[in-house]
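A note on names: the letters A, B, ... follow the listed sequences, proteins ahead of strands, and every chain is numbered from 1.
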Amino acid sequence: MKEIRAIIRPEKMEEVLAALEKVGHPGVTVYQVEGHGRQAGLVEQFRGREFRVDLLPKMEVRVVCKDEDVEKIMQAIASAARTGEIGDGKIFVYEVIEALRIRSGERGEAAI
Amino acid sequence: MKEIRAIIRPEKMEEVLAALEKVGHPGVTVYQVEGHGRQAGLVEQFRGREFRVDLLPKMEVRVVCKDEDVEKIMQAIASAARTGEIGDGKIFVYEVIEALRIRSGERGEAAI
Amino acid sequence: MKEIRAIIRPEKMEEVLAALEKVGHPGVTVYQVEGHGRQAGLVEQFRGREFRVDLLPKMEVRVVCKDEDVEKIMQAIASAARTGEIGDGKIFVYEVIEALRIRSGERGEAAI
Amino acid sequence: MESGRFYSGKRVGPILSAVFLLGSGMALAGDPTGAETLKSDPGLPVDYVWVLVCGFLVMFMQAGFACVEAGFCRAKNATNLLTKNLMDFVVGALVFWAVGYALITGTDWKGLIGTSGFFLSGEGYDVGNYLSFFWQMVFAATAATIVSGAVAERIKFQAYLLYSIAITGFIYPVYAHWVWGGGWLSKLGFGLGHLDFAGSGVVHAVGGLVGLAGAIVLGPRFGKFDKNGKPRAIPGHNIPLAALGVFILWFGWYGFNPGSTFSAHHLRISVIAVNTTLAAAAASLTALILVLAKTRKFDLGMALNGVLAGLVAITAPCAWVEAWAAVVIGIVAGIILVAGVYFLEAIKVDDPVGAVPVHGFNGLWGLIAVGLFADGTYGNYAIEPPFVKGLFYGGGVDQLIAQVIGAVALFVWAFGAGLVLFKVLDLVVGIRVSPKEEIQGLDLFEHGTPAYPEFYTVRR
Amino acid sequence: MESGRFYSGKRVGPILSAVFLLGSGMALAGDPTGAETLKSDPGLPVDYVWVLVCGFLVMFMQAGFACVEAGFCRAKNATNLLTKNLMDFVVGALVFWAVGYALITGTDWKGLIGTSGFFLSGEGYDVGNYLSFFWQMVFAATAATIVSGAVAERIKFQAYLLYSIAITGFIYPVYAHWVWGGGWLSKLGFGLGHLDFAGSGVVHAVGGLVGLAGAIVLGPRFGKFDKNGKPRAIPGHNIPLAALGVFILWFGWYGFNPGSTFSAHHLRISVIAVNTTLAAAAASLTALILVLAKTRKFDLGMALNGVLAGLVAITAPCAWVEAWAAVVIGIVAGIILVAGVYFLEAIKVDDPVGAVPVHGFNGLWGLIAVGLFADGTYGNYAIEPPFVKGLFYGGGVDQLIAQVIGAVALFVWAFGAGLVLFKVLDLVVGIRVSPKEEIQGLDLFEHGTPAYPEFYTVRR
Amino acid sequence: MESGRFYSGKRVGPILSAVFLLGSGMALAGDPTGAETLKSDPGLPVDYVWVLVCGFLVMFMQAGFACVEAGFCRAKNATNLLTKNLMDFVVGALVFWAVGYALITGTDWKGLIGTSGFFLSGEGYDVGNYLSFFWQMVFAATAATIVSGAVAERIKFQAYLLYSIAITGFIYPVYAHWVWGGGWLSKLGFGLGHLDFAGSGVVHAVGGLVGLAGAIVLGPRFGKFDKNGKPRAIPGHNIPLAALGVFILWFGWYGFNPGSTFSAHHLRISVIAVNTTLAAAAASLTALILVLAKTRKFDLGMALNGVLAGLVAITAPCAWVEAWAAVVIGIVAGIILVAGVYFLEAIKVDDPVGAVPVHGFNGLWGLIAVGLFADGTYGNYAIEPPFVKGLFYGGGVDQLIAQVIGAVALFVWAFGAGLVLFKVLDLVVGIRVSPKEEIQGLDLFEHGTPAYPEFYTVRR
Ligand SMILES: Nc1ncnc2c1ncn2[C@@H]1O[C@H](COP(=O)(O)OP(=O)(O)O)[C@@H](O)[C@H]1O
Ligand SMILES: Nc1ncnc2c1ncn2[C@@H]1O[C@H](COP(=O)(O)OP(=O)(O)O)[C@@H](O)[C@H]1O
Ligand SMILES: Nc1ncnc2c1ncn2[C@@H]1O[C@H](COP(=O)(O)OP(=O)(O)O)[C@@H](O)[C@H]1O
């Protein structure tokens, strides 16, 4: 089993979820995060005083799936999340060594 | 070392923490997440217009522990979080390859 | 590739980011979390009634980096986040098996 | 400018009521234009302005209650609380127009109830009568909205709507008739009869005690008491909202109390405004200090409740006492509040926002305070004698007895009617939401609208 | 105390205006001290108090609009909406002082426009004239701020500033002159001329229809309609804020409507206050029930809009009808509201907060209602005959015709001027923000200040 | 209806005070019933209504300050700011009742201080005296609450309570006595003596300058200046709350300024209302434009502060100037505000909400403006001559000199007393919370109650 972790633009969330739906994902968990990569930060201001904000709001999407589905899901996310401009985000993949479905107690791939 | 990651119902949070306390956990970190699995979404409405919400609020609990404690902690979480209805959530387990306690600089299992 | 995950005090966030900037990180993602380890909880109150809060607010910082940079980045974070008092937090390290830069489609270490 | 002229109901009951109808130039068919009324008393405009502006302030208290209750409860029920606070005013105004007002001010039947003047129709179409209706209506709505705090976070919305109809259409008007509509309490042979200047009892204690009944019938919220029955704090989700609500209520109370002279020609209104302020301040400081002594923290929530406790307590006596007495009444109100909050928890009653100690217990205290502190400088909505005198100013126990009788009658009526109402509602439609709905929050299930859909919140 | 004396503009136009100037003891150079004016009519203080206090309440409606609009839109645009609501009042007050007020109340030119009294200067420096200005100014600002809801979440701030100048400096004053400044509509040969007591038409429908024009020219927000053109809900981010805003507006409306007698000597103000309340309540309950029938949920958002719909509808007729009619007018207002919301979505117009059905459609309905329900108990800002009578009270269709003519004229003027204005602005400066700015939110790009910088929010 | 009758303290000092006591029908024992007072002047009801309603509005400004300060600071200190804003009113009202009011209006001692009338007792139990107390009390509380913004996010709560006692019990009353209680400034031989109509100086500059002293003694918040001393923005956490607060303050200011005639028989109140509006608008627009020129963004925070700056500046001159002058005074106020904000940062003073430039600097500017723009149409709370005339209207420099002297005296007194107070408090109880408490937020440590316990927030 693998975990796919994609950090994307918040405004791409809906499209990514739709893409996952289409490609058939087993389940997905979403995080509100802030990130900083190559994308330039923002200048905000308060009562006349400007300041830089380096951490920009991002969404993180995590899917645990079978090994054979990794590529398909990665591609689905990537193509839904792409704008071509700096700040599109990244996808990382991790090994998952065990899974358990709380409701039924199933283990392993059956639990995903 | 392993990491146990459990996605649970928000209203089960307290019981899960109590179960962890009982079984003796080394530490725990909690995330506010949203998820979508087999559980049906909600219908919300605003000024007379209904809409589907697919992402439901969940809590995620993460514990890094020694290899030998994994099973015990998983079971503790699972039995505290179970209602038997769809949406109870899942538990995933990951390998952790190093740990460091910031305060003391301890490394490895001693740092957990 | 490795992922470094550091759970730190919220008020140390800025210093940790500055330290990462200095040591040259490839990118960073930040999470608002709550945690419970050895640090004692808080007593809060509402309309005359006190209650314990066990989960304290923490920040989590994640950096995916090349294997050779792990130690350097860990140390940078740890020394920026240290106060020496209970509650300083921990750093965990994970294996990352694949990466993809959404914007360009680059894979592997090039994508970090 | 004599007092009580166009506000017969509250003051003098049916007999003088006839005098009023004639005296104010209101022919049998009423004076909807207002020209006759003005001619009969050219000094009326300032009274109309006074009563209306104060009435507007009282109406604005609805916003205050909405903010306090929503702020002191959890985010998952905020939409529900706001809807309840809106709808009890909306439904209350309509029901009070149809029925409630007539029950208070209509022709008296055996001292128990008014029987005429439904729908403001017929001869009721009169500027003076509409003025009186407006005033009574915002008061009735206040009584109604108090209850929503005590039954918060677990009552079915449908049941709450039915409750709103019952309180503004029956429970409140009946008791208000007894005191302000010429009913039996206003004619007690002790003192000047049972007196309640602006409604510590009629409005607040009635609301607070019906709320107590509701809280008891509903039972505590899931999680309010742990397995050993120990009370647990369930913190409010938005303290700034609650604090703003208290400021709005304090502001609105300057309509509630001074406006209850129903005449700007009673310059006593300045004394009432001062008393209202000092009692609120004294009670709030007292509550702050008491909790400070217990927990070593400056507890804003209790201090906010303290403001309201002081305001409720001074509402009955505000026209009859002087500054130092207002301060003492406030200090006692603060003590009653803090003791009341802990007492309710001790007997396992769950009152999420403290409505019962604030409005119920302190409403009763306000009634008693009249019998103790009234200093003989103001009459029964009149600046001519007889003046009201309490025990501490040489008035003996007469007025105090009248006050105690009224307080007992109020308790029996409001708490009793409340129990019956909520029990019956429970049998007929069910009053408590399912555990699942309670845990996930009423906003989603009853309204489909979370209060803060974009914010990440911990669901407690 | 005769009506309309010092408020010539709104009531009687330029001819009587001269009478007013003399009648109120205002010499040609004006009476800035007020001593002469007071001597000429010692009963004026209560009228000044009434008008000013009511005017303060109307000003406070700005806070209500700010809260409703910010609460009903998304967090990422909250700072923008607040800035717009602040600035339309700020800019509006200054422009109205320079130009707008003169266009309404100045010497009439061919029934179309006023032509004197700019900058309150010269003989305009007079206590009565300043009073009138204050009143008209807060009304103009209300019309201006209504539009911001309809064009929310996508208009450029610069364009909005220019729009604010145009509406308070030209669009609103011209139509207000027609009705309240002695213009052609006030002199129609039907009934007592076109009548609009407190501004269902002049203020609300003008604002609502200019807003409709703006919403059409701008086009819908990104995401409001899906690829198949099906409307999607975009929930407001802070329901408690929106609810508080509605309570504030309801409170402020007691200044808007009763204060429009411009005289406390019209005791009819009590009737107006009651009607205002009942119509709001009836409309809100109607809206709640209609949506309940559709979705089985108690929809707070629509109930809040319902309050406003009822208030808007009763604004024109409030002085001329009785309680039951107010209830009926409110019920119809609730129906119009709900139908209007769905209708706009059906024709693909995106009105984020419902400003068009609330203020536009119900403003027109209020005008018509005068012609139906006026019951002959109050005149043209006068407690002496001739009184206003509508169809249902035996007044025939005369007044109704005057109302319809006014409504049509209003529609043509406001919607037409709005279309021209926004089209021209679009050509000259561009009125819509870029898609990127719209998606990330106007707060960051136009103001640099997120509304809740410390809170985690989902960016929708 | 002559001016200043029942408000002797503020107007005419101890000598005429005796006249007042008799003139108003107040026997030596006072007239608590109000019947005698009414008989002696049947026109009083409208004045009482006016003063009370305006006083209620001033009280409501407490809500405005609470919202602005909480909204402009960080979430972790919101409960603390609300508690401070509540408690300075609570404690202030009680202290002012016990001591403060007597120091302002009591029998004058050498032009420096009043010495009688503590606790409103004895002959102080009089409707006129209670009215005057109510008015003065809400003003004193305003001065007190201003400071909490300047010392926000780092002062110990206990120290703040002690400060509240000191300002309402001594610092404010002494200066108010000098200007409004018949003290030496009111008797200066220049012009009509030092004049401050509604308190640009007495209330706002005193508050602002005591706040400046507090901010200096406390030192800047952790993180306000970086290691190189460069100022950093610390954004407020809830902009809608702050904006609502400013709207509430603007609304309340219509009580503050027009109500300060203390008589509805001065029809000049309409002019005051207009001036108040225009100055606020002009200042806000000016501030918006200045920051726009610097950062190319429409800065809501500064525009909100701009409203307050304009309101503060017009508070002293509002009764003595005409519309165009109000606009000019507002424009200058906007400039002073923006310059003041940057100036304080440049000298490393940390004033989290801008209280010092808004209330302190613009309060002083308001005093000066009287000497420049007063146009000779209104007297010293009188509609009879002598009228106040400034430099630009041919009044010469006399009045201006009186104004400058008052401004200098104010600066020395308020800033000096503030410095001494905070230094002494620091020595005795310590005024600054520990770094750990400051970083984690005062809400947890001082109150145990986070403002938004269910929301995820970034702790800045
Ligand atoms: N090495 C990394 N480790 C952790 N998070 C990263 C890393 N690189 C990028 N991110 C996350 O991805 C987001 C987008 O990264 P960025 O470099 O701006 O994107 P891109 O390179 O596609 O333009 C960042 O805001 C951050 O949250
Ligand atoms: N494969 C997965 N990857 C990531 N998150 C998942 C996955 N499956 C489930 N989840 C998370 O677990 C939550 C509960 O899953 P669900 O399928 O509804 O539970 P169950 O199967 O126990 O009824 C989801 O909302 C989602 O957050
Ligand atoms: N074993 C663990 N698994 C997950 N999170 C942990 C673990 N240990 C500590 N944490 C996180 O680190 C935070 C700080 O831990 P704590 O034990 O209080 O720190 P320290 O030991 O440095 O004083 C906790 O609040 C928790 O979020």
Worksheet item: What orientation do Phe298(F) and Phe157(E) show, parallel under 30°, tilted 30 to 60°, or perpendicular over 60°?
Response: tilted
- Message: If you define the side chain from C-beta out and look only at heavy atoms, does anything of Thr449(E) sit under 4.5 Å from Pro235(F)?
- Response: no
State, with a plain yes or no, whether a side-chain heavy atom of Phe251(F) is found less than 4.5 Å away from one of Leu57(E). yes
Taken in chain and number order and not counting sequence neighbours, the residues that satisfy ring pair (Phe, Tyr, Trp, His ring centres under 6.0 Å) with Trp50(E) are none
Which pair of non-hydrogen atoms, one from [X] and one from [Y], has the smallest distance, and what is that distance?
{"X": "Ala264(F)", "Y": "Pro45(E)", "result": "O-CB, 3.4 Å"}
{"X": "Phe445(E)", "Y": "Lys297(F)", "result": "O-CE, 3.2 Å"}
{"X": "Ala63(E)", "Y": "Leu244(F)", "result": "CB-CD1, 4.1 Å"}
{"X": "Tyr125(E)", "Y": "Val321(F)", "result": "OH-O, 3.4 Å"}
{"X": "Ala273(F)", "Y": "Phe134(E)", "result": "O-CE1, 3.9 Å"}

So, taking the atom named [atom1] in [X] and the one named [atom2] in [Y], what distance separates them when rounded to the nearest 0.5 Å?
{"X": "Leu300(F)", "Y": "Asn85(E)", "atom1": "CG", "atom2": "CG", "value": "10.5 Å"}
{"X": "Ser270(F)", "Y": "Tyr48(E)", "atom1": "OG", "atom2": "OH", "value": "5.0 Å"}
{"X": "Leu241(F)", "Y": "Tyr452(E)", "atom1": "CG", "atom2": "OH", "value": "9.0 Å"}
{"X": "Gln158(E)", "Y": "Leu292(F)", "atom1": "CD", "atom2": "CG", "value": "9.0 Å"}
{"X": "Met137(E)", "Y": "Thr277(F)", "atom1": "CE", "atom2": "OG1", "value": "4.0 Å"}

With a 3.5 Å distance limit and no angle check, can you tell me whether [X] reaches the backbone of [Y] through a side-chain donor-acceptor pair?
{"X": "Ser284(F)", "Y": "Val90(E)", "value": "no"}
{"X": "Arg268(F)", "Y": "Pro32(E)", "value": "yes"}
{"X": "Thr33(E)", "Y": "Thr377(F)", "value": "yes"}

Interface moiety of [X] toward chain F, non-hydrogen atoms closer than 4.5 Å:
{"X": "Val91(E)", "value": "side chain"}
{"X": "Phe455(E)", "value": "both"}
{"X": "Ala70(E)", "value": "neither"}

Point to revise | Ring-ring centroid check Phe56(E) Tyr254(F), cutoff 6.0 Å | key: yes
Aromatic centroids of Trp250(F) and Phe60(E) separated by under 6.0 Å = no
Applying side-chain hydrogen bond (donor to acceptor under 3.5 Å, both in side chains) to Gln62(E) and not counting sequence neighbours gives none
Most contact-rich option vs chain F, by heavy-atom pairs under 4.5 angstrom, among Leu94(E), Asn238(E), Asp443(E), Val138(E), is Leu94(E)
Of Leu131(E), Leu52(E), Val51(E), the one forming a side-chain contact (heavy atoms from CB on, under 4.5 Å) with Ile269(F) is Leu52(E)
| request: Might you work through the side chain to side chain donor-acceptor pair (under 3.5 Å) test for Asn275(F) and Tyr130(E), ending with a clear yes or no? | output: CA-CA 9 Å; Asn275(F) 287 341; Tyr130(E) 268 56; 4.9 Å; no
Practice task
Quick one: do Ile248(E) and Phe247(F) satisfy side-chain contact (heavy atoms from CB on, under 4.5 Å)? Show the steps, please.
Solution key: CA-CA 11 Å; Ile248(E) 290 175; Phe247(F) 278 115; over 6 Å; no
